[in-house]
Amino acid sequence: MKRKGVRQGRKRNGMLKEDGGLEERLRRCLGAQEAGCEALRPEGSAAARQSADAVCVPPELLAAAGAELAGRTRRNRIGFGTFVLRLLRYEGLRIWLCQALALAGASLIGRLYFQGAFGDFSVRGMAMFLCAFSALAALLSFPLTGRGRGCRMRETELASRYGLAKLAAARVLLAGAGNLALLCAAFGMAARASGCDRGSLALYLLVPFLGAGCLGAGLNRMLPEACAPAGWCAVVPAVLAGIVLAGRYAPAWFEQTYSGGWTCVSAVLLAVYADQMRRQCRRAGLVDRIAAGWSG
Amino acid sequence: MELQISHVTKEFRDKKAVDDVSLTLTPGVWGLLGANGSGKTTLMRIIAGIMEPARGEVLCDGIPIRTLGERYRDVFGYLPQEFGFYPEFTVKDYLEYMAALKGLRRQETRTRIDILLEQLTLLEVKKKRIARLSGGMKRRVGIAQALLNDPQVLILDEPTSGLDPGERVRFRNLLSEFARGRIVLISTHIVPDVEYIAARNAVMKDGRIVAQGTTQELVKPVAGKVWSCSVPAQKLAEYERSLRVVNLKCGEGDRAEIRYLAEAEAVAGSVPAEPRLEDLYLWLFPEAGR
């Protein structure tokens, strides 16, 4: 779509390039218009028209230039980056506040549990805590970015210029920025609080985050809209319980160190996660979903 | 500008919601009339580009709207039949949010919002949460968002639902003025709303366009079939069962004035009445009058 837009953009400018002489004259007319000359406006003054005649611009060219300028004005819309920034106030703050509150609460509970169970943040305790924290951060993104269904906003959002796909992408970006900040904060605090090496700390943040993100994306696709709240309420505790049980019965998973193998695993998970997020954004914009009432 | 709906069909699992509909919309106000379930909302969603037809296409000045994509949505405004708001939004927040979604620049957003709040008499409530507004005010907020990008094509699905008579008159006047040089398509059950302002109307039944044209052209099928008479009030129930009564007015004493549809005079003393769009609607949708 972007390529098409670029092609059409070139074509729009290319319209000027088809005939060298026409291009030059049209460019002069548009330049005069943008400099404040009223020659191209139908209601322009007689004096302005006379000055236009003075540069030998035929009436049909004036009309074409006026139409082109009207089209430009209409196409003068904000870009995607500005769109994301404009959404900060309505989406970004909400998402970040929910993430911060949820993860602060979970951190408090988790810290008490893991410190209590494993002493003053042993290697295993810290690893389990970071796994749980990052998995929770990844899973929370999905319900936070899936807004609009319950509030009957979807049709109006879908019919707008940016539509649901780009709105979903903006929300994913905002949630991703929040996750990145929280993961960095968790990394910093873990590095200070424990004796684990930084590579291992990054491993226990990155791999569970990406793994839970891939799981969450798959569930997001399968969960019917009506069941989504209950579904997420069931999935999150299940994943956290899985981490606790793994800590008890497969403790070796939480005594890993950073290695080339884990780098490959992370790279694969990152590719799958990125693809899942891209598909989720595209799926959000697929028409007829509002009729079917499916989530994602 | 011209919007061409060409052989559009949309099927759902159990029925054909839109069945081979072709219509050419030119600048002015168009009314889309039809009973519940006749396919109006589905057709409007297809024109809005938020639903894909199974067959056929919608063209804007000869270019499929699918191809136009964002450029079509730039010149398009849509008010769905059922729409909602995020609970924390005030009127201004909502309009600014929708303006961002429509890609409007900040300065243009501020200007347009100020103009629309004034035109739709929402200035006093701009900082109020939408959830606390009356139904009519919420509907006006929805209309405001549809007009934000100063669209060339405006699709309104039941726009006057919930508005009081004064608000409906103001809205009709606003639309009439707005529709100069633009395409406005209104779907409604409130026939007078389109009768007064729509230059042309289309009537949908079971997914098909069964009639289209100006009001004068549309009412031709019921010309000579609309009657009015005075009847005893005690016999009203009997007449309502046996005749297709369009309007009933209890007069003083024991008489009532009825307006009914029939091929020929069915009650002695009936006089022919001037047909209206509402008569055509009830002629085509007899179940709507029961």
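First the proteins, then the strands, lettered A, B, ... as listed; each starts at 1. Computation of the quantities below employed the complete heavy-atom set of this structure, encompassing side-chain atoms and omitting hydrogens, waters and symmetry-equivalent molecules.
- Heavy-atom pairs under 4.5 Å with chain A peak, among Pro80(B), Gly103(B), Pro87(B), Gly77(B), at Gly103(B).
- Checking Arg279(A) against Gln276(A) by side-chain atom types alone, no donor-acceptor pair falls below 3.5 Å.
- Heavy atoms of Glu96(B) lying under 4.5 Å from chain A belong to its backbone as well as its side chain.
- In this structure, OH in Tyr86(B) is found 4.0 Å from OH in Tyr97(B), a value given to the nearest 0.5 Å.
- Annotation: maximal heavy-atom pairing with chain A below 4.5 Å, among Gln145(B), Arg106(B), Glu108(B), occurs at Arg106(B).
- Neither the backbone nor the side chain of Thr41(B) comes within contact range of chain A; no heavy atom of the residue lies under 4.5 Å from a heavy atom of that chain.
- With a threshold of 4.5 angstrom between heavy atoms, Phe89(B) approaches chain A through side-chain atoms but not through N, CA, C or O.
- Within the 3.5 Å criterion, the main-chain N or O of His7(B) finds a donor-acceptor partner in the side chain of Ser22(B).
- Contact of Ala146(B) with chain A is not made at all, since no heavy-atom distance falls under 4.5 Å.
- Atom CG of Asp206(B) sits in a sparse spot, with 12 or fewer heavy atoms from other residues, nucleotides or ligands closer than 6.0 Å.
- Under the side chain to side chain contact (heavy atoms under 4.5 Å, CB included) rule, Lys16(B) has a single partner from Asp20(B), Val18(B), Asp19(B), which is Asp19(B).
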